[in-house]
Amino acid sequence: MDLFVVIGLILVQVASYSTLYGLVKFSLIGSKGFLIGSYVSVIAVPFLTYLLFRRGFRNVDPLMYVFSIFSWAGLLNLGIVLELDGFIPKALAPFTLEYLPFLKTAHGAVYLYWDGVVNFLLGIGCIALYTYRETHREVGLYWAGSVLNGYAVLLPAYFTGKDEIGWTLFADSTFCVIPLLALINMIHNRTIQARTFIKFPPLWKRPVDLIFFLYFFVAMQIAVIRALAIHGANVPIIKQYVKSAEPYLADPSGAPKFQMLTYDYLYVCYYIFAMYGLWSPGQHWMGDFSLVHAGAAGQAQFTYMAGALNSRTSKSLRPPSGGKGAIIFWAVNGILFVMPHLFALFTQRDTEKFGRTQTIDFASPVRKYVYKFKETRYERKVE
C-alpha cells in the first residue's frame, strides 16, 4: 500500500501534465483553456491524492496535499523549461510566457529547473517517507525554505519588471501563502523537548562551533557588501568587486538584486540568531531553522550561479572564466551554498545543543486483515 500511494501519485501528476500537454499540442484548447486546465489540475491533484490515501490511511496530514500540489507544479515547470530549451516540442511554454513573461529570463529558466527537479523530488520524498511512517519533517523544512526563497525573489521581480502585469500574476502570487502556512505548521508541531542543563565549554573550546560562528559573521559581511553594491555604493572596492567578480548583480531582470536584498534583510537576521545559538548552546529551535536556511540558501545560490552562467545572460554580465575574479566568484558563492548544508547536518548530530527535528505525528495506516486457511475454515488474523 505504501508503494501504491507513491507510484499512484506520480502517475496522477504525469497523467495530468500529459493530458494538458496533449490538449494544447493538438490545438484542442487555446490560451484560456490552458489557464483553466491548470487551475482545474490544482484542484484535481489534491483530490486524487485524497483518494489514494483513503484506501490505506486515516487522519492524513494536510501537508501531504500541499506537497502533492507543489510537486505537480514542479513537474509542470520542468516540462515548460524543457520546451523553452528545445528538449521537447513546444506546447505549454508559449501560453505560459504569455501570462508570466519573466520566465523567459535566465533566472526564470534556472528557477524552473530547480523547481522541476529538486522541489518535485522533495515533495514526493516527503509523501514517500510519510507513507512508510518515517520522519519527513526534516525534508519538509528544507522544502519550505527552498520554495519560499524562490517566491521571495520571483514575485518582486515580476511586479517591478517591464512587462505588463495581468490578473493571473496576482492569482499565482497567492500560492506563496501556502508554503508559508506549511512552514508555520511544521514549526508549531515541533518535538517538545525539555530545556537542557548540560554545561557546554566556551565557544573557543568548541572548534567546529567556532568555525560556523566565523562563517556566519563573514556571510553577514558579504550580504551587506552585496546589498550596498546593488544600491550603487560609491566605494571603490565595492565597485571593483562587482566589475571583476559579480557583474551579474547588474542584470536588468532584477532577480539578482532582489536575491541580495533577501540576503540582507532576512538571511542576516538568521545569521545573528545562529551566532547567538552557537555562543549559547541549548537553543532547541536551531535544528529546525538550520534546515529552512539550508533549503533557502541552496535554492538561492543555485539560481544565482546558474543564472549568471546561463546563455540568456549577456556576456558582459557573466562571471569571468579565469583569473582572480573567477576565483572570488566561485569561492564566495560556493561557500554560501555548501556551508548552510554542512551546518544543517551538524545540528542533526547533537539534539541537546540544537533540538530535535523529527516528525511527531506519523501516518496512521488502516489495519489490514489476512485470512489464513486452517481446518477448512478461514481464521481472521489482524497484522
Side-chain angles (χ1 to χ4, degrees), residues 100-111 114 145-163 165 169 173 176 215-272 293 295-321 323-340:
L100 301 172
F102 180 82
L103 296 178
K104 64 186 176 184
T105 64
H107 181 89
V110 296
Y111 165 82
W114 178 273
S146 173
V147 173
L148 288 173
N149 185 85
Y151 277 120
V153 176
L154 275 181
L155 292 181
Y158 277 146
F159 286 111
T160 60
K162 298 179 180 179
D163 299 299
I165 299 175
L169 179 57
S173 63
C176 69
Y215 158 72
F216 286 122
F217 179 78
V218 172
M220 186 164 53
Q221 311 310 311
I222 294 173
V224 172
I225 290 172
R226 283 171 150 183
L228 292 174
I230 62 173
H231 284 102
N234 193 22
V235 180
I237 297 178
I238 295 179
K239 287 184 176 181
Q240 183 61 30
Y241 171 77
V242 174
K243 182 179 179 180
S244 62
E246 300 202 62
Y248 183 59
L249 290 174
D251 187 75
S253 69
K257 171 184 176 181
F258 289 109
Q259 185 61 76
M260 296 309 113
L261 289 177
T262 303
Y263 266 106
D264 192 42
Y265 293 117
L266 297 180
Y267 286 47
V268 166
C269 294
Y270 169 75
Y271 295 157
I272 294 172
H293 172 243
Q299 199 277 345
Q301 287 306 121
F302 173 82
T303 52
Y304 178 76
M305 292 188 290
L309 299 170
N310 193 272
S311 59
R312 296 174 178 83
T313 302
S314 172
K315 290 185 178 180
S316 62
L317 297 178
R318 296 179 195 173
S321 57
K324 293 182 180 180
I327 295 174
I328 294 173
F329 174 83
W330 288 109
V332 169
N333 290 285
I335 289 172
L336 291 175
F337 180 86
V338 173
M339 290 298 285

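Index from 1, following the sequence.
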Aromatic plane relationship, Trp114 with Phe302 - under 30° parallel, 30 to 60° tilted, over 60° perpendicular: tilted
Face-on cation placement of Arg226 at Tyr304 ring, 6.0 Å and 45° thresholds: yes
Is there side-chain contact between [X] and [Y], with at least one heavy-atom pair below 4.5 Å?
X      : Y      : value
Asn149 : Tyr267 : yes
Leu148 : Gln299 : no
Ser321 : Phe329 : no

Give, for atom [atom1] of [X] and atom [atom2] of [Y], the distance between the pair rounded to the nearest 0.5 Å.
X      : Y      : atom1 : atom2 : answer
Leu154 : His107 : CG    : NE2   : 4.5 Å
Met260 : Ile222 : CE    : CD1   : 10.5 Å
Met220 : Asp264 : CE    : CG    : 10.5 Å
Leu261 : His231 : CG    : NE2   : 5.0 Å
Gln259 : Ile230 : CD    : CD1   : 10.0 Å
Arg318 : Asn310 : CZ    : CG    : 8.0 Å

Passing candidate, side chain to side chain contact (heavy atoms under 4.5 Å, CB included) with Val110, options Thr303, Thr313, Leu309: Thr303
Steps toward side chain to side chain contact (heavy atoms under 4.5 Å, CB included) verdict (Tyr271, Tyr263): CA-CA 10 Å; Tyr271 295 157; Tyr263 266 106; 3.6 Å; yes
Exceeds 12 heavy-atom contacts within 6.0 angstrom, atom CZ of Phe159: yes
Evaluation steps, side chain to side chain contact (heavy atoms under 4.5 Å, CB included), between Val218 and Tyr215: CA-CA 5 Å; Val218 172; Tyr215 158 72; 5.7 Å; no
Specify the closest pair of heavy atoms between [X] and [Y], including all atoms of both residues, with the distance to one decimal.
X      : Y      : value
Leu317 : Pro247 : CD2-O, 3.4 Å
Pro340 : Ala297 : CG-CB, 3.7 Å
Pro320 : Ala245 : CD-O, 3.8 Å

Stepwise side chain to side chain contact (heavy atoms under 4.5 Å, CB included) test for Trp330 and Met305: CA-CA 9 Å; Trp330 288 109; Met305 292 188 290; 4.0 Å; yes
Candidate pair Val147 and Tyr151, rule side chain to side chain contact (heavy atoms under 4.5 Å, CB included), full reasoning: CA-CA 6 Å; Val147 173; Tyr151 277 120; 3.6 Å; yes
